[in-house]
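See structure below.
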Amino acid sequence: MTDKLSVNDRTYRQPQAPTVVVCVDGCEPDYLAQAVATGHMPWLKKTLAEGSALVAECVVPSFTNPNNLSIVTGAPPSVHGICGNYLYDTASGTEVMMNDPKWLRAPTLLAALADSGKSVAVVTAKDKLRRLLGHKMKGICFSSEKSDQVTMEENGIDDVLGLVGLPVPSVYSADLSEFVFAAGVKLMEKHRPDVMYLSTTDYVQHKHAPGTDGANSFYTMMDGYLAQLDAMGCVIALTADHGMNAKVAMDGQPDVIYLQDWFDQAIGTGKARVILPITDPYVVHHGALGSFATVYLPEGTDVEATRARLAAQKGMETVLTREQAAERFELPTDRIGDIVAVSERFTVVGTSASRHDLSGLDAPLRSHGGISEQRVPLIVNRKLPGLDLNRRFRNFDAFDLALNYAQ
Ligand code: ZN
Ligand code: ZN
């Protein structure tokens, strides 16, 4: 067994203590601030004082898959290839989900750690992420969503429900994330993996603003499980895939720029193809509305003139050409459109008004995707000697901090 590991041009030391990296989906830092200030997170309050509390930047588009894959590869989407939950596959001319590991262009640190002889466990809330995170990884890997369907061959574990002692949670519930933490604690008790990655879902954050009862009770739950992992001697690094913001006008209705409608007006009906990388099968809580879109334009379009026209629209934060977006956000050029459009903090982008079903929204829209959701916590329950804490951090530095500085 070697004591150093090189993955995607970064070097990591092997863990000495069990190491847990937690990705709290949609954890805008203010959730923690509000919960800590009101006494809802006693473990975190102590950890912020005694460990290391940083604010980092996530990957844009600030969506779940690109960021989870960045965290486990230690690299941006230009390296690992996952730039959304959903993409337009130019090769086949179809719009597809990006859940299949065939889209992944880089190895994960999790797989490399397992190959080097470490025991590794991964628990995700939704099953859509499981195959990407567990790609080519020997070890335990399962989702809360399908915790009743695990097999030794596919997941490296059987009888998860017996281990955790909780029923299979609903995919639209806070329980889906609680199951991740509960499973993490039981795995640490029974199997004591060398490295564990826990990734929740942002169902609660889409519905509840920082400081509200719904948010605080979620974070109190999380705090209790993290305290248990800490008490077992784990190094814990906590970060988020992205933040979360209210996306409503003063009347409480979603503030939406319908981009397909805009392009139909601007260059002709059906000429442009608007792709929303937030799209996934579970859209009830956000109506597939986020702050990031990419647009494919027909041959011969004056891309720069079109870009400039859209950039001048109220509510757009920045509109970039493919090359500009690839450079600024470190995205793979072959998987984004001619234009990338990012809307402002309170505004989301959609396709056509007729294509978004907002009937499932039972609370004012909260969503993500933009630059305005880029700030995320990066917290380690240890001091980090030798690290310059004044430099810029990314959420995908989590394993670097946990393995190279916190042990
Ligand atoms: Zn997310
Ligand atoms: Zn979300």
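Not measured: the values here are computed from a predicted model. We count ligands from 1, going down the list as the structure has it; atoms in each ligand are counted the same way. When reading the values below, keep in mind they use all heavy atoms of this one structure, side chains included, and skip hydrogens, waters and symmetry mates.
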(message) At less than 2.8 Å, would any N/O/S atom of Thr64, backbone or side chain, sit next to the Zn ion (ligand 1)?
(response) yes
(message) Of all the N, O or S atoms in Asp25, which has the shortest distance to the Zn ion (ligand 1)?
(response) OD1
(request) With the Zn ion (ligand 2) as the reference point, give the N/O/S atom of His206 that is nearest. (result) NE2
(message) Quick check on the Zn ion (ligand 1): does His242 put an N/O/S atom closer than 2.8 Å to it?
(response) yes
(request) Determine, using ring centers only, whether Tyr31 and Tyr219 are less than 6.0 Å apart. (result) yes
(message) Please check this pair: side chain of His368 against backbone of Ser62, looking for a donor-acceptor N/O pair closer than 3.5 Å.
(response) yes
(message) Taking 2.8 Å as the cut-off, does Asp202 contribute an N, O or S atom near the Zn ion (ligand 1), distance below it?
(response) no
(request) Measure from the Zn ion (ligand 1) to every N/O/S atom of Asp241 and report the name of the nearest one. (result) OD2
(message) Ignoring hydrogens, what is the shortest heavy-atom contact between Pro277 and Gly84? Give both atom names and the distance.
(response) CB-CA, 3.8 Å
(request) Taking only Lys NZ, Arg NE, NH1 and NH2, and the carboxylate oxygens of Asp or Glu, determine whether Asp223 and Lys46 approach each other closer than 4.0 Å. (result) no
(message) Would you say CG of Asp213 has more than 12 non-hydrogen atoms from neighbouring residues, nucleotides or ligands within 6.0 angstrom?
(response) no
